[in-house]
Structure formats: structure tokens, C-alpha cells
J.: 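One structure coming up, written as C-alpha cells, with questions to follow.
Because the structure is predicted, anything quoted here is derived from the model rather than measured.
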Amino acid sequence: MASSTKNTKENLKNNIKKYRKALKLTQIELSIQADVSTYYISDLEIGRRNPSLDVLCRLADALKVEPYELLK
């Protein structure tokens, strides 16, 4: 795996958790707002899964950030 891909995956999982905690949301609350399962949020935060573009945008909306902010 290319280094930039690995870094982006690390950034994504860390940023989802960081922004979720900043808003004081539980994984359950975020999953409801983003219309995904709680297990999916958990998998994203530990780096087991990668979201589609659609899910990335829904997560960003729920976390009140722009989608690119989850990746940087």
C-alpha cells in the first residue's frame, strides 16, 4: 500500500473519532445522523472499513465539517 494511501486511511479513522468526540456524539448518535450502522462507525474508527463517497459526505454533514477535512 502506498504511503499516501496509508496516511489517508489513518487520517480518516482518527478524524472521524476526533470530530465525533468534539461534538460529544456517541457512535450510536453519529450512526443515526449519518444513516449507517453503529458497527460501521466502529469499523471506520478502527480502520477496518473505508466509506463510499456518499457515506463520507453524510458523515461530514453529521460531523459539521467538509468531507475533505476527514481525509486531511
Side-chain angles (χ1 to χ4, degrees):
M1 177 181 335
S3 179
S4 63
T5 301
K6 187 175 181 181
N7 289 340
T8 301
K9 287 183 174 191
E10 278 293 311
N11 293 347
L12 177 64
K13 75 178 194 172
N14 293 334
N15 286 334
I16 290 171
K17 189 172 190 174
K18 175 181 79 172
Y19 288 118
R20 176 179 64 78
K21 288 185 176 247
L23 291 173
K24 297 183 170 81
L25 294 173
T26 65
Q27 288 183 343
I28 293 169
E29 292 167 328
L30 177 57
S31 70
I32 291 167
Q33 290 184 26
D35 194 28
V36 296
S37 76
T38 304
Y39 298 110
Y40 190 81
I41 298 295
S42 176
D43 283 350
L44 289 172
E45 288 188 359
I46 61 175
R48 189 177 299 155
R49 297 191 68 168
N50 296 309
S52 66
L53 183 56
D54 179 57
V55 172
L56 182 71
C57 291
R58 292 196 324 249
L59 286 167
D61 286 344
L63 295 169
K64 299 175 178 25
V65 297
E66 293 297 322
Y68 75 89
E69 293 181 85
L70 296 176
L71 301 172
K72 68 176 189 174

J.: Under the side chain to side chain contact (heavy atoms under 4.5 Å, CB included) rule, collect the residues that match up with T8, sequence neighbours excluded.
T.: L71
J.: Starting from the C-alpha separation in whole Å, work towards a yes-or-no answer on side-chain contact (heavy atoms from CB on, under 4.5 Å) for L63 and N15.
T.: CA-CA 10 Å; L63 295 169; N15 286 334; over 6 Å; no
J.: Rounded to the nearest 0.5 Å, what's the gap from CG on N7 to CG on L12? Could you check?
T.: 12.5 Å
J.: Just to verify, what does I28 make a side chain to side chain contact (heavy atoms under 4.5 Å, CB included) with, not counting sequence neighbours?
T.: T26, I32, T38
J.: For D43, what residues pass the salt bridge (charged side-chain N to carboxylate O under 4.0 Å, His left out) criterion, not counting sequence neighbours?
T.: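 If we apply the salt bridge (charged side-chain N to carboxylate O under 4.0 Å, His left out) test to D43, skipping adjacent residues, the hits are R48.
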J.: Any chance you could measure L56, atom CG, to L44, atom CG, to the nearest 0.5 Å?
T.: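 Reported to 0.5 Å precision, the distance equals 9.5 Å.
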J.: Please enumerate all residues that pass side-chain hydrogen bond (donor to acceptor under 3.5 Å, both in side chains) together with E69, with sequence neighbours excluded.
T.: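 Residues passing side-chain hydrogen bond (donor to acceptor under 3.5 Å, both in side chains) with E69: none at all.
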J.: Drop me the distance from C57's SG to E66's CD, to the nearest 0.5 angstrom.
T.: 9.0 Å
J.: Ignoring hydrogens, what is the shortest heavy-atom contact between A62 and L23? Give both atom names and the distance.
T.: O-CD1, 3.8 Å
J.: Any side-chain heavy atom of P51 sitting closer than 4.5 Å to one from Y40?
T.: yes
J.: Name all residues meeting the side-chain hydrogen bond (donor to acceptor under 3.5 Å, both in side chains) criterion together with E45; count only those two or more places apart in sequence or in a different chain, and write none if there are none.
T.: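 side-chain hydrogen bond (donor to acceptor under 3.5 Å, both in side chains) check on E45 returns R20, Q27.
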J.: Hey, could you give me each pair passing side-chain hydrogen bond (donor to acceptor under 3.5 Å, both in side chains) that has a residue in residues 49-61? Not counting sequence neighbours.
T.: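 Applying side-chain hydrogen bond (donor to acceptor under 3.5 Å, both in side chains) to every pair that reaches into residues 49-61, excluding sequence neighbours, yields D54-R58.
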J.: Do L59 and I41 come close enough that some side-chain heavy atom pair is under 4.5 Å?
T.: yes
J.: Using a 4.5 Å cut-off between side-chain heavy atoms of Ile, Leu, Val, Met, Phe, Trp and Tyr, which other residues end up in the same hydrophobic cluster as I46?
T.: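 Members alongside I46: none; it stands by itself.
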